[in-house]
Amino acid sequence: MTPRTHFELPSDIKKLLSKVKTLEWLTLFFLTTITVVMYLVMGSSQAMKAAWVEDILSLIPPIAILLGHRFESKRPNKDFPFGYHNSVTVSFVCTATALLGFGIYLFYDSAMTLIRAEHPTIGSTFVFGQQIWMGWFMIAALTYSAIPSFILGRMKLKPARKLHDRALFADANMNKADWMTALAGIIGVVGIGLGYWWADAVAAGFIALDITKDGFVHMKRCYHQLLNHRPTQMDSDKPSEVETRLNELLKEVNWIKSASVRLREEGMTITGEVLFAPWGDQENLVEKLESLREQSHQIDWRIYDLQFVPVTEKSISINRE
Amino acid sequence: MTKDLSLSEILAAAIFFALVTTSCSPFPRDPKESLSKIKGGELIVGVREGYPWAYDLESGNVKGVEAELIQSLAKKLDAKVVWVKGSADNQLNALMNFEIHLMIGGFTSQNPWKANLGTTRNFYTSNIVIGVPKDSETIRSLEGKKVAVRKGLPYFNKISAMGALPVLVNNYGSTKMPIVAPEWQLKALNYKKTNIPIAKLEHVILTPPGENAWISELEKFLEDNKHEIEEKLVVIGGAL
């Protein structure tokens with residue numbers, strides 16, 4: 001069992017990964033403080049409860065990403081000859097399942113609260129002899145919950161694009177959208193204060209839908225990756241430029257009559273097969289292949305361990321439909 | 001999907017919205033207008049028997065620490081107190097349906113109805129401890145000791161579990177044994193308190209769910225008068 005060669009990262013990518021690691025640790029720290037603060041003030045508000053659950057669930061992606069990056073850099077070995085590049089995807093399937101499950105449960109819970117016409121009780125507390133309505137503490141906690149998430153989310157977007165790290169990209173978007181949850185929560189609490197007892201459950205419902213949507217988006221992405229979907233660009237479903245550039249390179253090779261590529265994403269890398277039909281019999285085919293392989297890998301830092309498969313021309317045209 | 005608004009814009013809008021809506025009118029409000037109905041009207045009070053917080057229900061003139069506090073509050077709100085008769089179950093249902101305004105009777109934060117009802121915050125914490133007669137030696141442990149437990153108190157099993165030998169009594173007036181009682185009662189009966197804690201009761205008053213203006217008013221009144229509670233407990237509660 002021969003393991004694949006180790007995937008070497010260029011130094012600027014290594015630096016970026018280290019920065020991402022710092023950002024994710026910061027995310028974990030702030031999210032933990034947010035979770036504690038929210039728990040202390042949430043009382044019987046349904047919207048606060050939903051926002052709190054969403055914050056706890058937001059802890060999973062950073063942990064998955066930190067662990068995933070750790071594993072991803074491990075050398076392929078006899079037991080895992082293909083390496084560990086898909087480890088982040090695996091943990092994201094779990095995250096997506098958790099998000100979907102909790103989102104649906106919370107939506108059901110909020111709907112039932114609304115149907116049972118439960119009026120949330122928010123009393124007051126006394127600070128230095130002054131009476132302060134607990135709703136204000138809730139609004140303060142919700143405001144606090146939005147700020148670090150939004151800032152960290154924005155900071156993670158650029159590295160995510162550069163690294164082509166979909167897990168990180170999804171995490172960054174989730175964090176960035178936390179301000180909407182905070183806003184929904186604030187509207188819910190203010191609504192209760194104004195006497196609209198149902199505002200809280202409605203706000204909670206919206207937050208639950210947001211969580212469910214995140215679950216779906218993650219699921220779709222993991223599904224694509226685990227089923228070896230054609231590599232696409234980050235923000236759209238258009239095929240990746242790497243595929244185009246590889247095809248262009250292959251067209252220029254004079255000893256190849258026709259060629260076709262079959263690529264997939266594995267974590268940060270793009271790997272796959274190149275089916276090629278050489279002109280007649282070729283001398284020094286192996287050396288020519290090694291050199292071509294070398295060249296292909298230079299196209300983009302993400303390309304890794306391409307397999308070159310000599311086939312008849314007929315096979316390629318059949319594959320191309 | 002959404003326009004990328006700056007965070008400061010969002011928060012500014014949210015806080016502005018919150019301030020505008022909350023300063024335009026009394027805040028928070030009651031969905032069922034409880035407080036405005038009580039002021040100048042009737043304060044409908046549900047009662048369950050719970051000495052010394054509320055007792056003597058049949059007389060029509062309910063007595064007890066909470067009863068007295070409520071009468072004070074009613075005066076402040078220019079309302080007439082109407083005591084509700086009936087089973088505790090019916091009264092709890094009425095409270096849930098906004099038909100009565102509150103319920104008293106020594107309820108604590110461990111009550112099983114708080115999911116469906118409102119409660120005030122804890123307005124008095126009662127420490128249940130072991131007490132010994134004033135002229136006796138204080139004790140440090142209950143192992144093997146006889147302890148008087150008044151009938152009706154739920155501490156018989158707890159005391160046994162602590163190694164003591166609980167003895168049921170009708171009242172504490174005449175015993176020379178250590179007793180288990182709240183600190184205010186030890187004061188009233190002239191007993192010494194020991195450092196052996198038995199339980200901690202956080203007293204609340206039950207309210208209709210979500211009537212946040214009324215609940216806040218109630219909480220403010222209880223906070224303003226909290227110094228009176230200990231005095232009343234010692235005076236009223238000393239007799240048992």
(request) If the plane angle is over 60° it's perpendicular, under 30° parallel, otherwise tilted; pick one for Trp113(B) and Phe107(B). (result) perpendicular
(message) Using side-chain heavy atoms (C-beta onward) and a distance below 4.5 Å, is Tyr155(B) in contact with Ile130(B)?
(response) no
(message) Between Thr119(B) and chain A, with a heavy-atom cut-off of 4.5 Å, which part of the residue counts as in contact: side chain, backbone, both or neither?
(response) backbone
(request) Identify which part of Lys32(B) has an atom lying under 4.5 Å from any heavy atom of chain A, answering side chain, backbone, both or neither. (result) side chain
(request) Cation-pi check, Arg121(B) to Phe126(A): give yes when NZ or CZ is under 6.0 Å from the six-membered ring centre and within 45° of the ring axis, no otherwise. (result) no
(request) Ignoring hydrogens and angles, tell me if any N or O in the side chain of Asp165(A) forms a donor-acceptor pair with the backbone of Leu168(A) under 3.5 Å. (result) yes
(message) Quick check for you: among Gly195(A), Gly123(A), Gly193(A), Ala177(A), which has the greatest number of heavy-atom pairs under 4.5 Å with chain B?
(response) Gly193(A)
(message) Please classify the contact between Ser124(A) and chain B as side chain, backbone, both or neither, with a heavy-atom cut-off of under 4.5 Å.
(response) both
(message) For the interface with chain B, which of Arg116(A), Glu118(A), His119(A) has the highest count of heavy-atom pairs at distances below 4.5 Å?
(response) His119(A)
(message) To check you understand the geometry: which heavy-atom pair defines the closest contact between Leu153(B) and Val180(B), and what is its length?
(response) CD1-O, 3.8 Å
